[in-house]
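Proteins get letters first, then strands, A, B, ... in listed order; numbering begins at 1 in each.
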Amino acid sequence: MAANKGSEQQITPRAVDYARWYQDVVSQAGLAETSDVRGCMVIRPYGFALWENIQRVMDGMFKETGVENAYFPLFIPMSYLSREAEHVEGFAKECAVVTHHRLKAVDGKLAPDPESLLEEPLVVRPTSETIINATFAKWVQSHRDLPLLINQWCNVVRWEMRTRLFLRTTEFLWQEGHTAHATPDEAQERALLMLRVYRRFVEEWMAIPVITGVKTASERFAGAVNTYTMEAMMQDKRALQAGTSHNLGDNFARAFGTQYQSEGGKLTYVHQTSWGVSTRLIGALVMAHGDDRGLVLPPNLAPVQAVILPLFRKEQEAAAVREKAQEFRQRLAARGTAAKVDDRDTLSAGARFFWWEKRGVPLRIEIGPRDLKENQFVLVRRDTGEKSFHPQAALEETVARALEEMQRGLFDRARAFRDANTVRVETWSDFADAFRDENSAFVMARWCGDPMVEAQIKEETKATIRCVPFDNPRDDGPCVKSGRPASERVLFSKAY
RNA sequence: CGGGGCGUAGCUCAGCUUGGCUAGAGCGCGUGGUUUGGGACCACGAGGUCGCAGGUUCAAAUCCUGUCGCCCCGACCA
């Protein structure tokens, strides 16, 4: 590309400063911006359109497995949170607490009215296990009430120290699924089923390959028996936890008295799961596929899959070109392709190219006087930059094929990148090298299973065990850190 | 909560050291015109309680005190 003549804002190249690049893309693609509220973001229409697509597709997938949507309160009585010991310990440090219900002007300044102090403070939900269990305890009486399969789309608040748009904000949007089952096996099955649903969504719709597995005790959800996770590699070779699914056992059921009467009449605690993905997925999308020109969106999730740009020199040429562009849009819409015509004459053609490019629109269709004459159109792919000419009669098939190829191409490229940056390591010095300075990678190394050793590794390298992958082959040998006997390799990486 | 930095137009910033005319630039924005196959140009124009509150002074964006907010680096996290 020629030097930028205009004075448009630039996107910092990834190689210069990856974190800056991320911020630039999020901002210039119009996904989100920081707000006046500390740690909280404004999700802009284009970013929210992405979230809506994620919601729509996932919601359908959940419902196929029998899940129903419901809604539970934003506020949780403080005492609820403390009923499950590990849970409260996990979340106590990051809770926003509501203590008053009224404001009062004192010396012209608003302040909470001391007389409106709540008897019991309310916690703004960091997650809803407790309030949902308090409800489940009422809903579940008999084995006939099970399984109970509930999901809610909502916001949650976790008072984080450092925030980054989408990746970690004080308030974020997510879905949290909560299920109750008669047996431990059913709960275990459901936890794994939902992780498979997540995996299918992230791989097939977001074109991001993930490694699934189980978390170690130290990375486990507070109050869970087991936490399952999917981990994706970003372009700086760090891991991003893209979704988790928890087998909660009967921990919450015991805390809240959620029992059912079995066929034999015996009172039994239910076994439960919870599972969630958040707006963080949008951050994953940016970091998995974006390039130095901006966002690159997988066709299956793109709010606009193809942008049609009429090009013309003189006003006399404009009418015919514009008309053709509209015809294209209608033809594509009839095939279910989200196409949009951008015929703004306030921006030059080049400016419009950049506009859609940084927003990651998969395909650009150019139609100008020359093309009208030749009965052709120009197609440019966002991921490869490849430019090609096609007969107008073949518009629908050409676009459909290009979208499919790009969807597959993004996934293949991301997987090749991950595989190329996944290494098996035997010695501590090789391990430390892999994470030296700003380096990261997916490192498969043996671990003896001792949490102290895990903590020591994190201390020295900043790398953590992302998961013990499923279907992990037995591989006896010495632990990479302690030298003690280990029987399998686990996935280490620096993480977001 | 520890360490560093910054608050001046919608955005990025200059001006402050050494107080002094009507507070500036670029981008963006509005109007009109010429433009449009890779970030167009010309002309005119709108836009500011210089974060806030005190103080010093004939005079404060500039000096002093206090205060609030934000950003960056660390410990915690989807």
* Asked: To the side chain of A:F172, which of B:A78, B:G38, B:G37 is closest?
  -> B:A78
* Using a cut-off of 4.0 Å on non-hydrogen atoms, how would the nucleic acid contact of A:L309 be classed: base, sugar-phosphate, or nothing? -> nothing
* Structure fact -> Separation of B:G37 atom C1' from A:I365 atom CD1, nearest Å, is 16 Å
* A:K458 has a side chain; which of B:A75, B:C76, B:G37 sits nearest to it? -> B:C76
* To do: Write down the distance between OH (A:Y228) and C1' (B:A78), rounded to a whole number of angstrom.
  => 19 Å
* To do: Describe the nucleic acid contact of A:G276 in one word from base, sugar-phosphate, nothing, applying a heavy-atom distance below 4.0 Å.
  => nothing
* To do: Write down the distance separating the P atoms in B:G4 and B:G45, rounded off to the nearest Å.
  => 48 Å
* Asked: Taking the P atom of each, how far is B:C71 from B:U12, in whole Å?
  -> 12 Å
* Provide, to the nearest angstrom, the distance between the CD atom belonging to A:E357 and the P atom belonging to B:G38. => 12 Å
* **Pairwise P distance, B:A46 and B:A23 [rounded to whole Å]** => 15 Å
* Asked: So which nucleotide from B:G37, B:A75, B:G38 ends up closest to the side chain of A:A349?
  -> B:G37
* Rounded distance in Å - CD (A:Q23) to C1' (B:C70) -> 14 Å
* To do: For B:G47 versus B:G24, give the span between their C1' atoms, rounded off to a whole number of Å.
  => 14 Å
* **side-chain hydrogen bond (donor to acceptor under 3.5 Å, both in side chains) pairs, two or more places apart, involving residues 42-54 of chain A** => A:N53-A:R56
* Distance in angstrom units between A:D371 CG and B:G37 C1', rounded -> 8 Å
* With heavy atoms under 4.0 Å as the rule, sort A:S278 into base, sugar-phosphate or nothing. => base
* Asked: Heavy atoms, side chains only, cut-off 4.5 Å: are A:T244 and A:Y198 in contact?
  -> no
* Asked: Heavy atoms under 4.0 Å, any strand shown: does A:V378 hit a base, just sugar-phosphate, or nothing?
  -> base
* Structure fact -> From CG of A:D17 across to P of B:C72 the rounded distance in Å is 12 Å
* To do: May I ask you to say whether A:R381 pairs ionically with A:D383, meaning some side-chain N is under 4.0 Å from a carboxylate O?
  => yes
* To do: Answer with base, sugar-phosphate or nothing: what part of the nucleic acid does A:Q241 contact at a heavy-atom distance below 4.0 Å?
  => sugar-phosphate
* To do: Compare the minimum distances between each of B:G37, B:G38, B:C77 and the side chain of A:E94, then state the nucleotide with the smallest one.
  => B:C77
* Asked: Does the distance from a Lys or Arg side-chain N to an Asp or Glu carboxylate O, for A:D236 and A:K494, drop under 4.0 Å?
  -> no
* Within the structure shown, what part of the strands sits under 4.0 Å from A:T169 by heavy-atom distance: base, sugar-phosphate, or nothing? -> base
* To do: Go ahead and name the base partner of B:G37; Watson-Crick or wobble counts if both distances stay under 3.5 Å, otherwise write none.
  => none
* Asked: Who is the Watson-Crick or G-U wobble partner of B:G69, with both distances under 3.5 Å?
  -> B:C6
* **Ring-on-base stacking B:A78 with A:W174 (under 5.5 Å, under 30°)** => no
* Check whether the side chains of A:T212 and A:R199 place a donor and an acceptor atom closer than 3.5 Å, and report yes or no. => yes
* Any donor-acceptor N/O pair under 3.5 Å between B:G38 base and A:R364 side chain -> yes
* **Shortest side-chain distance from A:E160, nucleotide among B:C76, B:U35, B:G37** => B:C76
* Asked: Once you round it to whole Å, what is the distance between P of B:G38 and CH2 of A:W356?
  -> 19 Å
* To do: Could you tell me whether A:E357 and A:R364 have a side-chain N and a carboxylate O separated by less than 4.0 Å?
  => yes
* Which value, in whole Å, describes the distance between the P atoms of nucleotides B:U62 and B:C21? -> 13 Å
* Name the nucleic acid region contacted by A:R20, choosing base, sugar-phosphate or nothing; use a 4.0 angstrom heavy-atom cut-off, strictly under. => nothing
* With side chains defined as the heavy atoms from C-beta onward, is the minimum distance between A:L372 and A:Q392 less than 4.5 Å? -> yes
* Distance between the P atoms of B:A53 and B:U17, in whole angstroms? -> 22 Å
* Picking from B:C76, B:G38, B:A40, which would you name as closest to the side chain of A:A351? -> B:A40
* Look through every strand shown and name the nucleotide pairing with B:U12 as Watson-Crick or G-U wobble, where both distances are under 3.5 Å. => B:A25
* When rounded to the nearest Å, what value does the distance between P atoms of B:G69 and B:C76 take? -> 26 Å
* Is it true that atom CD of A:E89 has more than 12 heavy atoms of other residues, nucleotides or ligands lying nearer than 6.0 Å? -> no
* Given atom CZ of A:R44 and atom C1' of B:C11, what is their separation to the nearest angstrom? -> 12 Å
* Asked: If each of A:F389 and A:K462 is mapped to the nucleotide of RNA chain B with the nearest heavy atom, which maps nearer the 5' terminus, i.e. the 5' end?
  -> A:F389
* Structure fact -> Out of B:G38, B:A78, B:C76, minimum distance to the side chain of A:F354 belongs to B:G38
* Closest to the A:S348 side chain: B:A40, B:G38, B:G37? -> B:A40
* To do: Just call it for A:L167: base, sugar-phosphate, or nothing, with non-hydrogen atoms closer than 4.0 Å on any strand.
  => base
* For B:G33 versus B:C50, give the span between their C1' atoms, rounded off to a whole number of Å. => 37 Å
* Structure fact -> With the side chain defined as heavy atoms from C-beta on, A:R280 is closest, among B:A78, B:G38, B:C77, to B:A78
* To do: Once you apply the 3.5 Å cut-off to both distances, tell me the Watson-Crick or G-U wobble partner of B:U18, or none.
  => none
